[in-house]
Amino acid sequence: MPEVVITGFDAIDVRFPTSLRLDGSDAMNPAPDYSAAYLILRTSDTDLEGHGFCFTIGRGTAICVQAIRALAPVVVGQKAEDLFADMGGLWRRLVGDNQLRWLGPEKGVIHMATAAVVNAVWDLYAKTRGKPLWKLLADLDPEEIVALVDFRYLTDALTPDDALELLRARTEGRAEREADLAAVGYPAYDTSPGWLGYDDDKLRRRCREAVAAGFTHVKVKVGANLEDDLRRLRIAREVLGPDRGLMLDANQVWSVPEAIAWVRELAPFEPWWIEEPTSPDDILGHAAIARSVAPIRVVTGEHTHNRVMFKQLLQAGAVAVCQVDACRLAGVNEVVAVLLLAAKFGVPVCPHAGGVGLCELVVHLSAFDYVAVSGSLDGRMIEYVDHLHEHFVEPVRVVGGRYLLPRSPGYAAMTRRALDEHRYPDGSVWSAR
């Protein structure tokens, strides 16, 4: 079989007009257009491509596309098998670029573009092995998993030996946990009912639909107006009843004192957690809020820049749940680092998935976490939104409030039709506007 070489790439600005119906609306982002800076790695095998992307919400997509164009040449001309043999080394080369690193380091647009490149290579890797990404990862030996992680800046909390010991302890029972997921799926919670731009009737109807679909937990956006929040949460709690979990998400709008005061006002509705109550960079602020609003859980992560910030959130006792984002962190490798950190601290990971393609990505990561890293489903759920799945080669399948395992080889990829129609600004969806 001839060697597969990466011969080139395409970087595409893909946008969906979700602002028309206020899908995705919250206190910080009132009218987002869900979007993706999308990368296709072309290879010498014309039937084989690697797809990766990072999630954005509109105009900033063009900036991410330019960053991808600056990074992707690192893998062009490389033999695919050479990259697969040292995915940890590839990650360090991309993150450590001696000129682009200055624009981070390890944060912002360059880091998100790194996620697109890293995930595209992982997609290619899994396709060549004929496995969905979660299965490719779950089949790795503990030593191979540890080799994926850059432990710089982490060893005061997690050393390679710590990680190896943890992973070896989880090897027993891997097959049983995999069979469990195949049989019943991974628990999910539903964000779709609670977008801030929805009126009361739509909130009520969507909560009823979530209950009928089997979801045990539902998330509602808060933070713009206290009286509105009280009214909307009353509606949600009436529909959900006392036994289902009600999550709240403020999307970063409060100061620390505001967050504490506001959450105390909402406490009678018995929220399961408050998400992103303040600036995502304020680790000590999250810790102060967590102490003040307990037993309500404080969670964050969708805007946490890198594994180092997650380390500090965990060390500070600032979060009860880590909400990793599959492409805010720099791809699969850095997510693995955070999964290992969270397991070391005994904190569950419930990935962020409120964006185009994120559900398709994170189901792989959570399945791998359960099978090979945490070995537990306690307090763990994957976020679910019901938007835009039809644009993917393998849309996520959620039945009875649980994600079913992906079956197709690879990670996650949009259909060619979706890319052509939603390419900005000349795709048919946008040119018609």
Side-chain angles (χ1 to χ4, degrees), residues 8-26 28-42 48-72 109 112-120 122-124 127 133 191-192 195 197-198 302 325-328 331 352-364 383-398 406 408 410-433:
F9 68 91
D10 300 306
I12 309 167
D13 185 331
V14 185
R15 306 188 197 182
F16 299 85
T18 52
S19 61
L20 297 178
R21 296 186 302 177
L22 298 180
D23 297 336
S25 53
D26 58 53
M28 186 66 78
N29 309 290
D33 283 327
Y34 276 10
S35 308
Y38 201 91
L39 170 66
I40 300 174
L41 295 178
R42 292 182 266 106
L48 185 62
E49 296 176 338
H51 289 232
F53 55 91
C54 57
F55 167 65
T56 63
I57 61 167
R59 291 196 306 275
T61 313
I63 302 171
C64 289
V65 167
Q66 291 301 324
I68 289 170
R69 289 173 178 156
L71 276 169
V109 170
M112 294 169 69
T114 302
V117 178
V118 168
N119 288 344
W122 275 107
D123 180 62
L124 190 65
K127 286 173 177 172
L133 179 89
T191 292
S192 303
W195 301 119
Y198 288 176
E302 69 179 271
D325 186 288
C327 42
R328 170 82 57 183
H352 168 244
V356 60
L358 297 184
C359 293
E360 279 74 15
L361 294 174
V362 298
V363 62
H364 291 271
E383 185 173 20
Y384 175 72
V385 297
D386 63 355
H387 311 311
L388 308 175
H389 302 299
E390 67 274 15
H391 300 298
F392 284 80
V393 174
E394 185 182 16
V396 291
R397 297 168 296 136
V398 175
S408 301
Y411 198 1
M414 288 186 190
T415 65
R416 178 58 62 180
R417 178 177 179 179
L419 295 172
D420 289 343
E421 291 181 349
H422 293 86
R423 185 177 60 245
Y424 188 86
D426 57 340
S428 59
V429 167
W430 294 104
S431 60
R433 292 170 54 83

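Quick note: numbers below take in every heavy atom, side chains included, and nothing from hydrogens, waters or symmetry partners.
- Side-chain contact check for F55 versus L361: every heavy-atom pair is 4.5 Å or farther apart.
- For R397, the CZ atom sits in a packed shell: over 12 heavy atoms of surrounding residues, nucleotides or ligands are nearer than 6.0 Å.
- Side-chain contact between E49 and L124 is absent, with no heavy atoms from C-beta onward closer than 4.5 Å.
- For residues 424-433, every residue pair satisfying the side-chain hydrogen bond (donor to acceptor under 3.5 Å, both in side chains) rule, not counting sequence neighbours, is listed here: R423-D426.
- The backbone N or O of G354 lies less than 3.5 Å from a partner atom in the side chain of E383, making a donor-acceptor pair.
- Atoms OG and OH, from S192 and Y198 in turn, are 6.5 Å apart once rounded to the nearest 0.5 Å.
- Rounded to the nearest 0.5 Å, atoms CG (D33) and OG1 (T18) are 5.0 Å apart.
- Side-chain atoms of M112 and R328, non-hydrogen and from C-beta on, do get closer than 4.5 Å to each other.
- Within the model, atoms CD1 of I68 and CG of L71 stand 8.5 Å from one another, a figure rounded to the nearest 0.5 Å.
- The line from OH of Y411 to CG of L133 is 6.0 Å long, rounded to the nearest 0.5 Å.
- H422 places no side-chain N or O within donor-acceptor distance of the main-chain N or O of V429, the cut-off being under 3.5 Å.
- Residue pairs meeting the salt bridge (Lys or Arg N to Asp or Glu O under 4.0 Å) criterion with at least one partner in residues 384-396, sequence neighbours excluded, are R206-D386.
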Test log, rule side chain to side chain contact (heavy atoms under 4.5 Å, CB included), inputs I12 and F53: CA-CA 9 Å; I12 309 167; F53 55 91; over 6 Å; no

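- When only modelled atom types and interatomic distance are considered, W195 and H387 share a side-chain donor-acceptor pair under 3.5 Å.
- The backbone N or O of G58 lies less than 3.5 Å from a partner atom in the side chain of S35, making a donor-acceptor pair.
- The side-chain hydrogen bond (donor to acceptor under 3.5 Å, both in side chains) pairs that include a residue from residues 55-71 are T56-T61, where partners are two or more places apart or lie in different chains.
- Taking all atoms of both residues into account, the shortest heavy-atom contact from M414 to V393 is O-CG2, 3.8 Å.
- For the residue pair H51 / Y38, a side-chain donor-acceptor distance below 3.5 Å is found, with atom types taken as modelled.
- Taking the six-membered ring wherever Trp is involved, the centroid distance between the rings of H391 and F16 falls below 6.0 Å.
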